[in-house]
Trainee: 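Take this structure, written in structure tokens, and hold onto it; I'll ask about it next.
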Amino acid sequence: MKEHETQIRVRYAETDRMGFLHHAQYFVYFEEGRTELLRASGQTYKAIEDQGYFLVIAKIECKFRLPIHYDDVIRLRTILHRVTPVRIEHRYEMYRGEELCAEGFSTLACVDRSGKLQPMPEALLTDH
């Protein structure tokens, strides 16, 4: 599966004093998008980690376009951008209705339990 959409309602605890979605929360939502994209392809992070493969954030960024508010329902589009033998790259688009509110990008590296870079499991190279 190359992309997945997740619907999220912004909870009060995820906002700042002005009622805006806190900037750190965008990265939590990106993680939710990656998790659901993987799940939709028939896999889970837990199963991958149980095999000794760990996907860690090597780079992550977000461009904030429009504020997102408490109780907004947003649509998070997670797109598999590129898979290499040792990393996975994703793009993210966050919409409120048809308004693009934020865009992001992340790079995940595949490491072993000690944090040493290792080749991606075959299942992620072909199915993800």
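Computed from a predicted model, the values in this text were never measured in an experiment.
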Trainee: Nearest 0.5 Å please: distance from the CD1 atom of I88 over to the CE atom of M120.
Mentor: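 Reported to 0.5 Å precision, the distance equals 4.0 Å.
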Trainee: If hydrophobic residues (ILVMFWY) are linked whenever their side-chain heavy atoms come closer than 4.5 Å, directly or via other members, who joins F105 in its cluster?
Mentor: none
Trainee: Please report the closest heavy-atom contact between A123 and Q43, naming both atoms and the distance.
Mentor: O-NE2, 3.5 Å
Trainee: Determine whether H90 and E3 make a side-chain contact, defined as any pair of heavy atoms from C-beta on separated by less than 4.5 Å.
Mentor: no
Trainee: Hydrophobic clustering (ILVMFWY, side-chain heavy atoms < 4.5 Å, transitive) - are I8 and I79 grouped together?
Mentor: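 No, separate clusters.
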Trainee: Going by the side-chain contact (heavy atoms from CB on, under 4.5 Å) test, name the single residue among Y29, Y70, F20 that passes it with E14.
Mentor: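 Answer to the side-chain contact (heavy atoms from CB on, under 4.5 Å) test with E14 among Y29, Y70, F20: Y29.
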Trainee: Which atoms form the tightest heavy-atom contact between R75 and G97, and what is the distance?
Mentor: NH2-O, 3.4 Å
Trainee: Taking all heavy atoms of S106 and all of I57, pick out the closest pair and write down the distance.
Mentor: CB-CD1, 4.4 Å
Trainee: Quick one: are V73 and Q7 in side-chain contact, heavy atoms under 4.5 Å?
Mentor: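 They are in contact (side-chain heavy atoms under 4.5 Å apart), so the answer is yes.
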Trainee: Going by salt bridge (charged side-chain N to carboxylate O under 4.0 Å, His left out), E103 matches just one of R65, K63, R77. Which one?
Mentor: R65
Trainee: Under 4.5 Å side-chain heavy-atom separation, chaining through any Ile, Leu, Val, Met, Phe, Trp or Tyr, what else clusters with V28? Say none if it is isolated.
Mentor: none
Trainee: Could you state the interatomic distance from CG (L55) to CD1 (I48), rounded to the nearest 0.5 Å?
Mentor: 5.5 Å
Trainee: Any side-chain heavy atom of V83 within less than 4.5 Å of one from L124?
Mentor: no
Trainee: Taking all heavy atoms of C110 and all of L117, pick out the closest pair and write down the distance.
Mentor: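 Heavy atoms of C110 and L117 come nearest at O-CD1, 3.4 Å.
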Trainee: May I ask you to test the Y26-Y92 pair for a side-chain heavy-atom distance under 4.5 Å?
Mentor: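 No, their side chains stay 4.5 Å or more apart.
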Trainee: Provide the closest heavy-atom pair for I60 versus R34 in the form atom of the first, atom of the second, distance.
Mentor: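 That closest heavy-atom pairing would be CD1-NH1, 4.4 Å.
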Trainee: With side chain to side chain contact (heavy atoms under 4.5 Å, CB included) as the test, would you mind laying out the steps for M94 and L100 before giving the verdict?
Mentor: CA-CA 6 Å; M94 293 178 71; L100 179 61; 5.8 Å; no
Trainee: Would you list the pairs meeting salt bridge (charged side-chain N to carboxylate O under 4.0 Å, His left out) in which at least one residue belongs to residues 107-117, sequence neighbours left out?
Mentor: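 Non-adjacent pairs meeting salt bridge (charged side-chain N to carboxylate O under 4.0 Å, His left out): zero.
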Trainee: Sequence neighbours excluded, which residues qualify as salt bridge (Lys or Arg N to Asp or Glu O under 4.0 Å) partners of E61?
Mentor: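 If we apply the salt bridge (Lys or Arg N to Asp or Glu O under 4.0 Å) test to E61, skipping adjacent residues, the hits are K59.
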Trainee: Given the rule that I, L, V, M, F, W and Y join up when any side-chain heavy atoms are under 4.5 Å apart, are Y95 and L37 in one cluster?
Mentor: no
Trainee: Whether K46 and E49 form a salt bridge (side-chain N of Lys/Arg under 4.0 Å from carboxylate O of Asp/Glu) is what I want to check.
Mentor: no
Trainee: How far apart are the closest heavy atoms of G33 and T78, and which atoms are they?
Mentor: CA-OG1, 3.2 Å
Trainee: Take Y53 and Q118 through the side chain to side chain contact (heavy atoms under 4.5 Å, CB included) test and state the conclusion after the steps.
Mentor: CA-CA 8 Å; Y53 299 95; Q118 71 171 335; 3.2 Å; yes
Trainee: From L80 CG over to H4 NE2, what is the distance, rounded to the nearest 0.5 angstrom?
Mentor: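 It comes to 13.0 Å.
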Trainee: For R82, which residues count as a side chain to side chain contact (heavy atoms under 4.5 Å, CB included) partner, sequence neighbours excluded?
Mentor: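 If we apply the side chain to side chain contact (heavy atoms under 4.5 Å, CB included) test to R82, skipping adjacent residues, the hits are T84, R87, E89.
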Trainee: Among residues two or more places apart or on two chains, list those pairs meeting salt bridge (charged side-chain N to carboxylate O under 4.0 Å, His left out) that have a residue in residues 17-33.
Mentor: none
Trainee: Whether R9 and D72 form a salt bridge (side-chain N of Lys/Arg under 4.0 Å from carboxylate O of Asp/Glu) is what I want to check.
Mentor: no
Trainee: For residues L125 and L38: do they belong to one hydrophobic cluster (side chain heavy atoms under 4.5 Å, members Ile, Leu, Val, Met, Phe, Trp, Tyr)?
Mentor: yes
